[in-house]
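Predicted model only: the values in this text are computed from it and were never measured. Remember, it's 1-based here, ligands and their atoms both numbered in the order they're listed. One-based numbering along the sequence shown.
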Amino acid sequence: MNYYLRTMDAIIKQIEVYSNEINSFFAADAEALEQFRIKFLGVKGIVKAIMGEMKNVPVEHKKSFGQTLNAFKVLAEEKYEAEKQKIESTNIASGFSLDISLPGMPTPSGSRHPVTLMRNRIVEIFERLSFTVAEGPEIEDDWHNFTALNLDENHPARDMQDTFYLSTDPAILLRTHTSNVQIREMEKKQLPIRIICPGRVYRNETISARSHCFFHQVEGLYIDENVSFADLKQTLYFFVKEMFGEDVKVRFRPSYFPFTEPSAEMDISCMLCKGDGCAVCKRTGWLEILGCGMVHPNVLKNCGIDPEKYTGFAFGMGVERPALLKYGITDIRLFSENDVRFLEQFSGV
Ligand code: DAH
């Protein structure tokens with residue numbers, strides 16, 4: 001820009017023009033203010049350039065010309081300061097400070113629920129064995145929750161005392177286990193099936209430190225030709241080692257479930273007392289972790305799968321119990337109270 005002017009008069013006129021520009025200046029944002037500073041107050045700016053004219057001014061005019069120049073400089077500086085203040089105060093009012101040296105505002109980070117953390121860990125281990133997640137409804141019909149699973153009409157689990165039925169339609173209920181997903185997947189008849197089914201289940205139980213009317217399970221199902229009990233054991237051994245560590249011992253106890261034959265209960269050695277016996281394992285040295293077995297031929301038939309051709313294993317485990325053990329929690333009710341003081345302890349876990 002050509003602001004280098006030769007005569008005093010011309011310079012004074014130019015100063016007037018610039019003064020008007022300065023007076024009417026309004027910094028819309030920090031960027032505009034910076035442009036203003038560079039233009040008028042920068043090292044190569046107008047104020048500096050005009051100041052440079054002093055040396056050409058005849059001695060007798062130096063005083064009054066100097067005063068004019070100085071007033072112009074002060075005008076530019078004061079305008080700059082005033083606009084800067086305005087921008088800073090609006091930034092503060094809108095919650096954003098320009099002072100980049102201020103430490104940042106800490107962002108509170110959320111946390112996953114301990115039951116979610118444990119469920120994810122369980123699922124992730126089985127995913128490494130090529131199991132995929134399948135889900136099903138929590139409001140279920142009698143067929144998928146009981147009948148197809150070979151539970152006869154008089155089975156005690158069907159009792160009103162144990163199961164929440166819909167009062168408008170007693171054939172509809174809140175699922176008592178995630179085994180309903182087994183049936184729904186088998187009915188699709190896309191074999192082989194290798195699924196892991198996490199979900200919430202409901203039982204009509206008195207709420208205490210150890211039991212609740214709802215909790216979470218993870219069910220597993222593998223159906224193919226030639227699946228054996230050895231496959232079941234090997235799969236669960238792998239799970240236990242990954243979940244609880246190399247040192248943990250495993251035992252299977254014969255058990256009964258209407259939907260599996262043979263059926264077993266799997267225990268692991270108590271990791272708190274290392275099998276010596278403590279309050280948590282009720283002095284037995286063992287903790288019951290899951291139920292399992294070979295899928296009953298009737299269940300396969302109920303889903304239209306040929307039990308002569310296909311076999312399979314299934315297992316089901318609770319999520320709350322291992323979460324209690326892992327995080328040293330003593331009351332299951334804490335999981336559903338939504339107390340932030342409890343929940344925030346799991347951030348970063
Ligand atoms: N459904 C059983 C329960 O809720 C758990 C279970 C046991 C699931 C054995 C299975 C199984 O798939 O094979 O107690």
Checklist entry - Do the charged groups of Lys13 and Glu16 touch, with an N to O distance under 4.0 Å? => result no
Item to check | Parallel, tilted or perpendicular: ring planes of His113 versus Phe335, cut at 30 and 60 degrees | outcome: tilted
Checklist entry - Any idea which residues sit under 4.0 Å from ligand 1, heavy-atom distances? => result His177, Ser179, Gln182, Arg203, Gln217, Glu219, Phe257, Phe259, Thr260, Gly291, Cys292, Gly293, Ala314, Phe315, Gly316
Checklist entry - Got a sec, which pairs hit side-chain hydrogen bond (donor to acceptor under 3.5 Å, both in side chains) with one end in residues 323-342, sequence neighbours left out? => result His212-Ser336, Asp331-Arg333, Asp339-Arg341
Item to check | Arg321/Glu288 ion pair, N-O < 4.0 Å | outcome: no
Checklist entry - When the ring centroid of Phe259 is compared with that of His177, is the distance short of 6.0 Å? => result yes
Item to check | Pairing of Arg121 and Glu124 as salt bridge, 4.0 angstrom limit | outcome: no
